[in-house]
Amino acid sequence: MVTVRAPATSANLGSGFDVFGVALDRPADIVHVERADRTTIEVTGVGSQYIPTDPDRNVVGAVAEALDAPAHIRIDKGVRPSSGLGSSAASSAAAAVALNELYDRGLSREELVPVAAEGEAVVSGEAHADNVAPALLGGFTVATDEGVTTVDADIPLVACLPEIAVSTRDARRVVPSDASIEDMVHTVGRAATLAVGMCRRDPDLVGAGMHDRVVTPARAELINGYHAVREAALDAGASGVTVSGAGPSVLGVCQAADRTRVAGAMLEAFDEADVAARAYKTRVGRGAEVF
Ligand code: HSE
């Protein structure tokens, strides 16, 4: 048997829609795999009741198929589905690493990115790499059609998860189909600022680079309380706040000393909007690990 832990991730970071991602040091999924004649899936943990165990409808079934690696796959969910924290990517990445090891396929972590992205296609209809790349490789990742670039950044974060479900499919429907040249220039400037901030391990620059005028405003409307939560986090010392992935989680970046205050402010603002929520005080972390 092989056991792998793969972390939650946050994609986009505002200005890097479908390109940027970070691994979070918590929460995480744990996946156990054992050789079998055909793939079967068992799911336990947070939100497991919403996850199909049919291999044709579960992300890890697509990964097993792509690696030609039938197995009994047990997923212990620590990352809630439809949270914007890369729940399906955590399972896909963990399964890809575990099955690669179990069947001795010899693929590198970089080579496993498109394999794990096959799992993403099962849930969102498109094979995005912006969550699976950091789940596999760790750190801050830039996923483009040329491949994935990584930076081992150490940046404090708060991920605040409200009890609202937003599916990636729904959140993609509200993304505008075009943007003005002014908005494009703004986004490129912010994305470049964020990337420099990650390289310099500077939370203030990363936060300044998160701002986005195209995708985030449309998605914010799907998250009850988003604007108040964002304002509260900024007032509490966050240098940047945005929608995590497709939402509904809200991601704040701040100095380590401000993390508790930022988390408290976000929770209080969601509470005032009558939305129950939990906050993860986290940081940019490592990729999938074999136990
Ligand atoms: N970049 C994707 C999105 C992440 O925001 O829709 C979710 O797969």
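Whatever order the structure lists them in is the order used to number ligands and atoms, beginning at 1. One-based numbering along the sequence shown.
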Item to complete: Write out the residue and atom name of the closest protein heavy atom to atom 2 (C) of ligand 1, then the distance separating them to 0.1 Å.
Response: D18 OD1, 3.3 Å
Before signing off on this row, confirm whether [X] and ligand 1 have an N or O atom pair separated by under 3.5 Å.
| X | result |
| --- | --- |
| N12 | yes |
| D130 | yes |
| R172 | yes |

Discussion item. So which atom in T242 and which in Y226 form the shortest heavy-atom distance, rounded to 0.1 Å?
Written reply: CA-OH, 3.4 Å
Worksheet item: Under 4.0 Å from any heavy atom of H128, which atoms of ligand 1 are there?
Response: 8 (O)
Worksheet entry | Minimum non-hydrogen distance to atom 4 (C) of ligand 1, winning option of T216, N131, V175 | N131
Discussion item. Less than 4.5 Å apart, side chain to side chain, heavy atoms only: is that true for E101 and V97?
Written reply: no
Discussion item. Is any side-chain heavy atom of E120 closer than 4.5 Å to one of S88?
Written reply: yes
Fill in: Side chain, backbone, both or neither: R169 near ligand 1, heavy atoms under 4.0 Å
neither
Worksheet item: F291 ring centre to R5 NZ or CZ under 6.0 Å, with the angle to the axis within 45°?
Response: no
Fill in: SB check K77 D29 (cutoff 4.0 Å)
yes
Fill in: Pair D18 + R172: basic N to acidic O under 4.0 Å
yes
